[in-house]
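In what follows, a single structure is set out as structure tokens and then discussed.
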Protein chains: 2
Amino acid sequence: MIAIGEASRLSGVSIETIRYYEREGIVSKAGRTASGRRAYSDTEISELRFIKRCRDLGFSIPDVVALRDLADAPNNSCKTVEGLGRKHLAEVRTKLKELRQLEKALSELVSNCANGKSDCPMLDALRAS
Amino acid sequence: MIAIGEASRLSGVSIETIRYYEREGIVSKAGRTASGRRAYSDTEISELRFIKRCRDLGFSIPDVVALRDLADAPNNSCKTVEGLGRKHLAEVRTKLKELRQLEKALSELVSNCANGKSDCPMLDALRAS
DNA sequence: CTTGCTTCTGTAGTTACTACAGGATGCATA
DNA sequence: TATGCATCCTGTAGTAACTACAGAAGCAAG
């Protein structure tokens, strides 16, 4: 049996976050030792790592839960998984587009600063009133 | 004098958010009509639009406040403004890089789904246990 | 005078954690 | 056996920047 600190190290999920997941019912309640400490099995570590991987990919907690439930479901789940993946990919691409525009606007704003003018072109642009 | 609804329309900042900004001291308290309703001047609308523009560029509220204070300061502010701009630009570029990697990983994951296999390659990849 | 839109205050909820405080337990060493 | 340090426990509150009500009151038109 694995204590929570070790579970954290093995999964990459912080101790506080593991307890948070349990409180919120995102993972089921861990077993306890005689003295009341949480004890984890290899399976539970795998589940935490699954969650970690999904979170790193930017999936929301509800999406991660859906994905995990699909992973346990018998079959026919692949289409649903693909759907979730594509939906999320579309969101990521939207965000990317926004960030690219933002990068462009910001870098233009900042490059104007380099001229050492007495007034501030960046502030003027932000004012644009 | 402009009522809050009109101020919202003119600035693009929602009514609730305008009140929130006032509560938090992000903008100074608006004047009131005899019956207690908020009344805005053109200057205040401009300030709201300045804030909106900065927020749309992804600046945090503290950064926006700093930027606005610099905009009101006498001079020597341009360098500070540029510093804030460059700092934020660096953050945006970091975020962009992360999102690009994420997009790559996700699109690979999802493209595997297209093969109509009986098991789910995306779930397998997420498991990777 | 009624109808419907706008505004008011105050409070609570959102997302996904993170950060304590204050106390108990486990283990290794002197 | 004592002690000291790491680890763990619960419970609560804080984070960023809003958003969403509820319930009451004001305003303008027909």
Side-chain angles (χ1 to χ4, degrees), chain A residues 1-27 29-40 44-45 47-68 87-88 91-92 95 98 102, chain B residues 1-27 29-40 44-45 47-68 87-88 91-92 95 98 102:
Chain A
M1 285 300 169
I2 301 158
I4 196 169
E6 184 68 0
S8 169
R9 250 165 273 126
L10 291 171
S11 65
V13 180
S14 83
I15 291 179
E16 301 283 6
T17 300
I18 294 175
R19 290 200 275 242
Y20 163 76
Y21 285 167
E22 182 180 317
R23 259 200 320 279
E24 297 299 306
I26 293 157
V27 300
K29 295 200 174 186
R32 299 295 179 120
T33 68
S35 65
R37 295 184 169 200
R38 289 174 182 81
Y40 296 90
E44 288 166 315
I45 305 298
E47 192 187 349
L48 287 172
R49 291 208 289 159
F50 177 86
I51 295 176
K52 180 70 164 63
R53 242 175 252 122
C54 292
R55 293 289 300 130
D56 286 348
L57 285 168
F59 284 97
S60 70
I61 288 287
D63 277 1
V64 174
V65 169
L67 247 18
R68 190 211 39 202
K87 189 195 80 185
H88 182 47
E91 288 162 7
V92 166
K95 189 74 191 166
E98 287 168 8
L102 211 152
Chain B
M1 285 300 169
I2 301 157
I4 196 168
E6 184 69 0
S8 170
R9 249 164 274 127
L10 292 170
S11 65
V13 180
S14 83
I15 292 179
E16 301 283 5
T17 300
I18 294 175
R19 290 200 275 243
Y20 163 75
Y21 284 167
E22 182 180 316
R23 260 200 319 279
E24 297 299 305
I26 293 157
V27 301
K29 295 199 172 187
R32 299 294 181 121
T33 67
S35 67
R37 296 185 168 199
R38 289 174 182 80
Y40 296 89
E44 289 166 314
I45 305 298
E47 193 187 349
L48 286 172
R49 290 209 287 159
F50 178 87
I51 294 176
K52 182 69 164 63
R53 243 175 254 122
C54 294
R55 293 290 299 132
D56 286 349
L57 286 168
F59 285 97
S60 70
I61 289 287
D63 277 2
V64 174
V65 169
L67 247 18
R68 190 209 40 202
K87 189 194 80 183
H88 181 49
E91 289 162 5
V92 167
K95 188 77 191 164
E98 288 168 6
L102 211 152

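In what follows, chains carry the letters A, B, and so on, assigned in the order in which the sequence lines appear, proteins first and then strands, with residues in each chain numbered from 1.
In this structure, CD in A:E44 is found 12.5 Å from CG in A:L10, a value given to the nearest 0.5 Å.
For the pair A:E22 CD and D:dC8 P, the interatomic distance rounds to 14 Å; values are reported in whole Å. The interatomic distance linking B:I18 (CD1) with D:dA17 (P) rounds to 18 Å, in whole Å. Between the P atom of D:dA25 and the CZ atom of B:R32 lies a distance of 17 Å, rounded to the nearest Å. If you measure from atom CG of B:L48 to atom P of D:dC18, you get 12 Å, rounded to the nearest angstrom. Straight-line distance from the NZ atom of B:K29 to the P atom of C:dC8: 13 Å, rounded to whole Å. Protein atom CE of B:M1 is 19 Å distant from nucleotide atom C1' of D:dC27, rounded to whole Å. Atom CD1 in A:I51 sits about 13 Å away from atom C1' in C:dA16, given to the nearest Å. The separation between B:E24 atom CD and D:dT19 atom P is 14 Å, rounded to whole Å.
Residue A:A30 comes nearest to A:A39 through the heavy atom pair CB-O, 4.1 Å, listed as atom of the first residue, atom of the second, then distance. Heavy atoms only, all atoms of each residue included: A:R38 and A:Y40 are closest at CD-OH, 3.2 Å. Across all their heavy atoms, A:C54 and A:L67 have their closest contact at SG-CD2, 4.1 Å.
Side-chain N/O atoms of B:S35 include one lying less than 4.0 angstrom from OP1 or OP2 on D:dC27. Under 4.0 angstrom from either OP1 or OP2 of C:dT7 there lies no side-chain N or O belonging to B:R38.
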Write down the protein N/O and nucleotide N/O pairs, taken from nucleotides 17-22 of chain C, whose separation is under 3.5 Å; answer none if there are no such pairs.
unit_1, atom_1, unit_2, atom_2, d
C:dC17, OP1, A:R55, NE, 3.4
C:dC17, OP1, A:R55, NH2, 3.3
C:dC17, OP2, A:Y21, OH, 3.0
C:dC17, OP2, A:R55, NE, 3.0
C:dT18, OP2, A:T17, OG1, 3.0
C:dC20, N4, A:E16, OE2, 3.2

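Using a 4.0 Å cut-off between charged side-chain N and carboxylate O, B:R19 and B:E22 make no salt bridge.
Using modelled atom types, no side-chain atom of A:R68 and backbone atom of A:F50 make a donor-acceptor pair closer than 3.5 Å. In terms of modelled atom types and a separation under 3.5 Å, the side chain of B:H88 and the main chain of B:L57 share a donor-acceptor contact.
Here the side chains of B:L102 and B:E98 are not in contact, with every heavy-atom distance at 4.5 Å or above. Residues A:R49 and A:S11 are in side-chain contact: their nearest non-hydrogen atoms beyond the backbone lie under 4.5 Å apart.
In the region residues 4-11 of chain A, proximity to DNA chain D at under 4.0 angstrom, judged on heavy atoms, holds for A:I4, A:G5.
Put simply, the side chain of B:R37 and the base of D:dG26 share a donor and an acceptor less than 3.5 Å apart.
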